[in-house]
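What follows is a set of notes on a single structure, which appears directly below.
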Amino acid sequence: MGSGIALTAAQSGLKVWQLDVKADQLERAKAYHRKTLDRAVEKQRITRADADAALARIQYAGSMDAARGAGWVVEAATENVEVKKAIFKQMQQAFPAPAVLATNTSSISITDLAAVVGADAGRVIGMHFFNPVPVMALVEVIKGLATTEETTRRTVELAKAMGKTPIPANDRAGFVSNRVLMPMINEAFHAWMEGVAGPEEIDQIMKLGCNFPMGPLRLADFIGLDVCHDIMMVLHRELGNPKFFPCPMLRQLVQAGRLGDKTGRGVFEYPAK
Ligand code: CAA
């Protein structure tokens with residue numbers, strides 16, 4: 001998602017550093033940026049000059065030092081609270097006020113993350129994008145307990161400047177999007193496990209019957225089964241309701257390393273990937 005956020009920002013005229021501890025991930029990001037911009041030029045959505053200018057606005061680096069002085073950071077690491085807290089402590093040092101410290105978390109409490117930066121909690125906010133970021137219109141904006149009005153106002157402005165529609169949600173596990181989406185996906189796994197229908201039929205029924213662009217099981221593969229599992233665990237832990245416990249079928253696929261598109265196999269198979 002970080003690659004999508006970086007590309008969207010660059011296409012909106014912002015100068016961007018994409019940071020990752022893994023060099024191969026940065027290479028994949030570069031390739032994705034080039035391919036997506038080339039496609040937009042082919043489709044005559046943008047000119048070659050615009051594509052080149054957008055690409056030139058993105059720099060790639062392995063550490064936060066490279067981006068010192070940036071006015072805005074969007075953390076988009078794995079959905080693990082301890083990993084995110086460690087990154088937020090580094091962000092606090094590398095990007096002093098008035099920089100905004102945003103997180104693209106899809107379920108973790110903003111208040112909890114903000115607590116690790118102490119007096120800087122006012123400039124922490126949730127800025128939740130959706131995949132694929134260049135295509136999806138929404139940014140869910142989540143204030144933590146200490147988030148200031150100024151941080152919120154600036155976040156709404158930035159989301160609009162990136163061509164997105166910012167909508168506020170309160171700081172409860174999963175916010176609105178995943179509080180509603182993930183139990184539906186989990187229920188699709190239960191329906192499959194119980195033999196209500198096969199995965200293709202479940203997805204076709206939801207696509208044709210509810211006009212979803214992707215069925216829930218295809219969408220789970222697209223999001224990543226590990227991500228869906230982690231989000232369900234956060235909902236289960238934070239909301240304390242057994243209905244949020246991940247379906248055994250979902251858990252088993254994750255244990256088997258079948259994580260969806262990114263591993264070439266999840267519920268369905270993606271040989272080309
Ligand atoms: N990056 C940039 N552009 C992309 C893209 C990507 N990764 N994937 C697709 N696109 C673009 C294509 O280039 C194409 O653009 P053009 O019209 O200019 O050609 C357009 O999107 C449509 O793509 P396709 O024709 O290839 O395929 P499609 O019509 O089936 O659409 C889709 C693909 C947009 C992904 C569509 O299937 C869809 O909307 N799926 C549902 C996605 C969704 O629900 N996302 C939210 C997931 S939840 C989440 O992200 C948050 C979380 O916390 C888990």
Side-chain angles (χ1 to χ4, degrees), residues 1-12 18 28-47 50-51 54-55 58 74-80 84 102-110 126-142 159 162-167 169 172-186 188 203-204 206-208 210-235 244 246 250 254 259-262 266 268 270 272-273:
M1 287 196 79
S3 306
I5 296 168
L7 180 62
T8 306
Q11 285 199 269
S12 317
Q18 176 149 3
R28 275 201 294 276
K30 263 185 221 176
Y32 166 70
H33 292 156
R34 275 197 213 102
K35 190 174 142 207
T36 309
L37 289 168
D38 284 350
R39 192 181 152 103
V41 173
E42 273 163 33
K43 291 216 148 194
Q44 300 186 329
R45 293 249 160 87
I46 57 173
T47 64
D50 286 342
L55 208 51
I58 310 178
V74 184
E75 168 278 318
T78 185
E79 199 65 358
N80 174 308
K84 286 189 186 291
T103 172
N104 181 48
T105 181
S106 38
S107 59
I108 294 170
S109 161
I110 307 306
M127 197 175 187
H128 184 205
F129 291 86
F130 291 78
N131 225 353
V133 178
V135 178
M136 305 298 280
L138 178 65
V139 171
E140 216 175 9
V141 175
I142 305 107
M162 289 172 73
K164 303 297 178 196
T165 303
I167 302 188
R172 298 283 181 279
F175 320 126
V176 170
S177 54
N178 282 318
R179 175 81 173 258
V180 176
L181 175 65
M182 285 299 154
M184 184 195 69
I185 287 177
N186 202 44
D203 271 14
Q204 280 295 91
M206 298 308 286
K207 277 175 72 173
L208 301 180
C210 300
N211 235 1
F212 292 166
M214 287 174 165
L217 296 172
R218 173 71 194 92
L219 182 58
D221 276 352
F222 179 68
I223 293 168
L225 299 192
D226 52 338
V227 176
C228 295
H229 178 270
D230 289 351
I231 295 173
M232 288 306 290
M233 290 302 284
V234 172
L235 292 175
F244 294 116
L250 170 61
V254 173
L259 306 183
D261 294 35
K262 62 187 161 190
F268 303 106
Y270 311 94
K273 293 184 178 175

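Counting starts at 1 for both ligands and their atoms, following the listed order. Positions are given from 1 along the sequence. Worth knowing before you read on, the calculation uses all heavy atoms, side chains too, and leaves out hydrogens, waters and symmetry mates.
Atom 28 (P) of ligand 1 lies below 4.0 Å from none of the non-hydrogen atoms of the protein. In this structure, atom 32 (C) of ligand 1 has its sub-4.0 angstrom surroundings free of protein heavy atoms. Atom 53 (O) of ligand 1 is approached by the protein to below 4.0 angstrom, counting heavy atoms only. In this structure, atom 19 (O) of ligand 1 is in close contact with the protein, since a protein heavy atom lies within 4.0 Å of it. Atom 3 (N) of ligand 1 is flagged as protein-proximal [any protein heavy atom, distance under 4.0 Å]. Using a 4.0 Å threshold on non-hydrogen atoms, atom 8 (N) of ligand 1 counts as touching the protein.
When heavy-atom distances to ligand 1 are checked against a 4.0 Å cut-off, Leu181 comes that close only through its side chain, counted from C-beta outward. Residue contacts with ligand 1, taken as heavy atom pairs separated by less than 4.0 Å, involve Asn178 solely via side-chain atoms from C-beta onward. Contact annotation for Leu219 and ligand 1: only side-chain heavy atoms (C-beta onward) come within less than 4.0 Å of the ligand.
Taking each heavy atom of Thr105 and Phe175 in turn, the nearest pair found is O-CE1, 3.4 Å. Between Gln18 and Ala6, the shortest heavy-atom contact is OE1-CB, 3.5 Å. In this structure, Ala51 and Val41 approach most closely via the heavy-atom pair CB-CG2, 3.6 Å.
Residue-to-ligand polar distances keep Thr36 apart from ligand 1: every N/O pair is separated by 3.5 Å or more.
The number of heavy atoms from other shown groups lying within 6.0 Å of CZ (Arg28) is above 12.
Within the structure, the closest approach of Phe212 to ligand 1 does not fall below 4.0 Å when heavy atoms are considered. At a 4.0 Å cut-off, at least one heavy atom of Pro134 sits close enough to ligand 1 to count as contact.
The shortest side-chain heavy-atom distance between Leu219 and Leu181 falls under the 4.5 Å cut-off. Using a 4.5 Å heavy-atom cutoff, the side chains of Arg218 and Asp261 are in contact. Two residues are said to be in side-chain contact when any heavy atoms from C-beta on lie closer than 4.5 Å; Thr8 and Lys164 meet this criterion. Between Leu250 and Leu225 there is a side-chain heavy-atom pair separated by less than 4.5 Å.
For atom 36 (C) of ligand 1, the nearest protein heavy atom (residue, atom name, distance) is Pro213 CB, 4.1 Å.
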